[in-house]
2 protein chains.
Amino acid sequence: MPEPDEWTIPEVAVAVDLAVLTVHDYSLQIMLVKRGIPPYEGMLALPGGFLESTSEDLDHAAARELHEETGLDARALHLEQLRTYGTPGRDPRRRVITVCYVAFSPQLPAPVAGGDAREAVLMPVEKVLKPRTRIAFDHKKIIADAVERARSKLEYTTLAAAFCAPEFTMTDLREVYEIVWGEQLDPRNFHRKITGVDGFLVPTGERVSRQPGRPAALYRRGPAALLHPAMLRTRP
Amino acid sequence: MPEPDEWTIPEVAVAVDLAVLTVHDYSLQIMLVKRGIPPYEGMLALPGGFLESTSEDLDHAAARELHEETGLDARALHLEQLRTYGTPGRDPRRRVITVCYVAFSPQLPAPVAGGDAREAVLMPVEKVLKPRTRIAFDHKKIIADAVERARSKLEYTTLAAAFCAPEFTMTDLREVYEIVWGEQLDPRNFHRKITGVDGFLVPTGERVSRQPGRPAALYRRGPAALLHPAMLRTRP
DNA sequence: CCAAAAGTGTTCACCGTACACCCATGT
DNA sequence: ACATGGGTGTACGGTGAACACTTTTGG
């Protein structure tokens, strides 16, 4: 194995980027920030930034950038590494390798833009991924990967609850699936399936009436992380 | 988003490491190299090395290191990114971030050690992952992640065939599953399940007699990449 | 002939799908 | 009263698990 002292280490900058996904306004949305400087000035990009110091952990850098650029607290949401993108030329200024993270957030409380946050906006991924929509760097590809990760993880984990408020109804949860997958699910079979998974949901005992119709039971997230048996989408 | 010219970029070295998995001697084995210099001199580590230049793609660096350190050709096997490890202090000399790849290889043709390859050895992952076995850096954790990736991908992809020679029998394929999962499978149900997956296997029409008993049909890899329906291991 | 491996057929339990039906509320 | 959404019961079809059974070779 070649060793770092054997030659000059190429000057590579290491960045961390964040794909923050949330369900809002009956669509899957992603948090983007408007770039204030070139390159891609004025275009939308993923929030992120460079490692601050030699001693900063990657996960820590992700959590820090999340807070700095969006005001969100990493402890309050699910944050996981997606993959690393390093094609030469992806940043026109210099060689940049970016370690990307995905975050899954419930409906955002309030101050998305403002405060420390730069101009942060939510945009439906459906719109972002349209061929005509232009996004800075290779971030569109990253967003596509993040969305596929989310879709896939709903199948075999209890991740969907991470998109819900602390207390939620079965319909809230089902709508997460429907919105992320873009597919209608049978409410009755969904209900039975989810209640059958041990440790996914904990009933609070409370009920809410948000429309005409029978009030829905409220649940909290349970301890289970894996969905067993899995909940498979209907493939094309 | 902070920009690279706003401050001094921390000196971070970017490396690429490889977890090459193969089925050999009725066990899942991983390729390791013996380190010739400190730190961890004399210990076993994953093959890998630093990015050679600012313009080298990560995937290219992985393929290059694979060839340099093991003599294998990346075009002949399945190579995919695993994840990136960057905990400060994981390399005692300086800050190193390593982008790890997993490779799945059929039985290795011949010259693993020798040639360009440094002292490369195959070792059963079961032995490597024992608590008493010491491996350089944080590579044991990386190996554990790679093994879990392999186990998991067998479930929903046709990856198992990547561990087999170009022509193989149903039993060869079943043994890949059994060895990687460490679990016995019913040969009869396995046979029916696999032949039922469209495009997984293409029969060559040939037969081989390797033991007493009815000769087995030979197959080649088919075009299918995804296993549908999935082949699930029995969870604990 | 016998042992052993390859491959087929059959049975049963379980799970997903579809949908009829009942329950509880707002208007 | 009635529309609307929440939740239960039930029948059907497909898949996995278990295993009896046939086929085809080596010894």
Side-chain angles (χ1 to χ4, degrees), chain A residues 26 154-156 160 164-165 167-179 181 183-198 200-220 224 226-236, chain B residues 26 154-156 158 160 164 167-179 181 183-198 200-220 224 226-236:
Chain A
Y26 215 84
L154 290 200
E155 293 197 315
Y156 56 94
C164 295
E167 300 202 344
F168 52 92
T169 67
M170 193 61 79
T171 297
D172 293 335
L173 188 67
R174 177 169 46 82
E175 286 181 347
V176 169
Y177 275 92
E178 293 181 337
I179 291 164
W181 283 353
E183 181 184 323
Q184 294 297 112
L185 298 177
D186 186 304
R188 300 157 293 188
N189 292 332
F190 183 85
H191 184 281
R192 194 185 1 237
K193 166 112 196 175
I194 297 296
T195 50
V197 176
D198 221 62
F200 193 170
L201 299 186
V202 179
T204 66
E206 311 265 318
R207 298 176 163 278
V208 274
S209 247
R210 297 200 287 224
Q211 303 98 358
R214 179 171 168 176
L218 275 176
Y219 299 91
R220 264 189 274 271
L226 262 49
L227 216 48
H228 207 62
M231 174 116 174
L232 302 173
R233 22 179 184 166
T234 58
R235 313 264 176 187
Chain B
Y26 216 83
L154 289 199
E155 293 197 315
Y156 57 96
T158 61
C164 295
E167 299 202 344
F168 52 93
T169 67
M170 194 60 80
T171 298
D172 293 335
L173 188 68
R174 176 167 47 80
E175 286 181 347
V176 168
Y177 276 92
E178 293 181 338
I179 291 164
W181 283 354
E183 181 183 322
Q184 294 296 112
L185 298 177
D186 185 305
R188 300 156 294 188
N189 293 331
F190 184 84
H191 184 282
R192 194 187 0 238
K193 167 112 196 176
I194 297 296
T195 50
V197 176
D198 221 62
F200 192 170
L201 299 186
V202 179
T204 66
E206 311 264 317
R207 298 178 161 278
V208 274
S209 246
R210 297 199 289 223
Q211 304 98 358
R214 178 171 172 176
L218 275 176
Y219 299 92
R220 264 189 272 272
L226 262 47
L227 215 48
H228 206 63
M231 173 115 172
L232 302 173
R233 19 175 186 168
T234 58
R235 313 266 175 186

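Numbers restart at 1 for each chain; the letters A, B, ... are given by sequence-line order, proteins then strands.
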B/N189 or A/G213: which one's nearest nucleotide on DNA chain D is closer to the 5' end?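 Going by which nucleotide is closer to the 5' end, it is A/G213.
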
Tell me whether B/Y177 contacts the main-chain N or O of B/L154 through its side chain, where contact means a donor paired with an acceptor under 3.5 Å.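 Checking the backbone N and O of B/L154 against the side chain of B/Y177, a donor-acceptor pair under 3.5 Å is found.
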
Please report, rounded to the nearest Å, how far the [atom2] atom of [N] is from the [atom1] atom of [X].
X: B/R207; N: D/dT25; atom1: CZ; atom2: C1'; result: 11 Å
X: A/D186; N: D/dT8; atom1: CG; atom2: P; result: 14 Å
X: A/I194; N: D/dG6; atom1: CD1; atom2: C1'; result: 15 Å
X: B/Y177; N: D/dG16; atom1: OH; atom2: P; result: 12 Å
X: A/R174; N: C/dT17; atom1: CZ; atom2: P; result: 14 Å
X: B/R233; N: D/dA17; atom1: CZ; atom2: P; result: 14 Å
X: A/R214; N: C/dC22; atom1: CZ; atom2: P; result: 14 Å
X: A/E175; N: D/dG5; atom1: CD; atom2: C1'; result: 11 Å

Any side-chain N or O of [X] less than 4.0 Å from the OP1 or OP2 oxygen of [N]?
X: B/T171; N: C/dA5; value: no
X: A/H191; N: D/dG6; value: no
X: A/K193; N: C/dG16; value: yes

Considering residues at least two apart in sequence or located in another chain, which fulfil the side chain to side chain contact (heavy atoms under 4.5 Å, CB included) criterion with B/T171?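 If we apply the side chain to side chain contact (heavy atoms under 4.5 Å, CB included) test to B/T171, skipping adjacent residues, the hits are B/T169, B/R174, B/E175.
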
Does any donor atom in the side chain of B/E183 or B/T234 lie under 3.5 Å from an acceptor atom in the other side chain?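 Present: a donor and an acceptor within the cut-off.
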
Name the residue closer to the 5' end of DNA chain C, choosing between B/M170 and A/L232 according to the nucleotide with the nearest heavy atom.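 The residue closer to the strand's 5' end, by nearest nucleotide, is B/M170.
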
Indicate yes or no: at least one non-hydrogen side-chain atom of B/K193 is less than 4.5 angstrom from one of B/P229.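 Side-chain contact under 4.5 Å: yes.
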
Can you find a donor-acceptor N/O pair under 3.5 angstrom joining the side chain of A/R188 to the base of D/dG9?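 Between D/dG9 and A/R188, which were checked side chain against base, a qualifying N/O pair under 3.5 Å is absent.
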
Do B/R192 and C/dG9 have a side chain to base donor-acceptor pair shorter than 3.5 Å?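 Yes, a donor-acceptor pair under 3.5 Å.
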
What nucleic acid atoms does A/P229 come within less than 4.0 Å of, heavy atoms only: base, sugar-phosphate, or nothing?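 It contacts sugar-phosphate atoms only.
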
Residues A/M231, A/W181; criterion side chain to side chain contact (heavy atoms under 4.5 Å, CB included); working and verdict: CA-CA 12 Å; A/M231 174 116 174; A/W181 283 353; 3.9 Å; yes

Tell me which nucleotide among D/dT24, D/dA18, C/dT25 gets nearest to the side chain of B/P215.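 My answer, after comparing the listed nucleotides, is D/dT24.
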
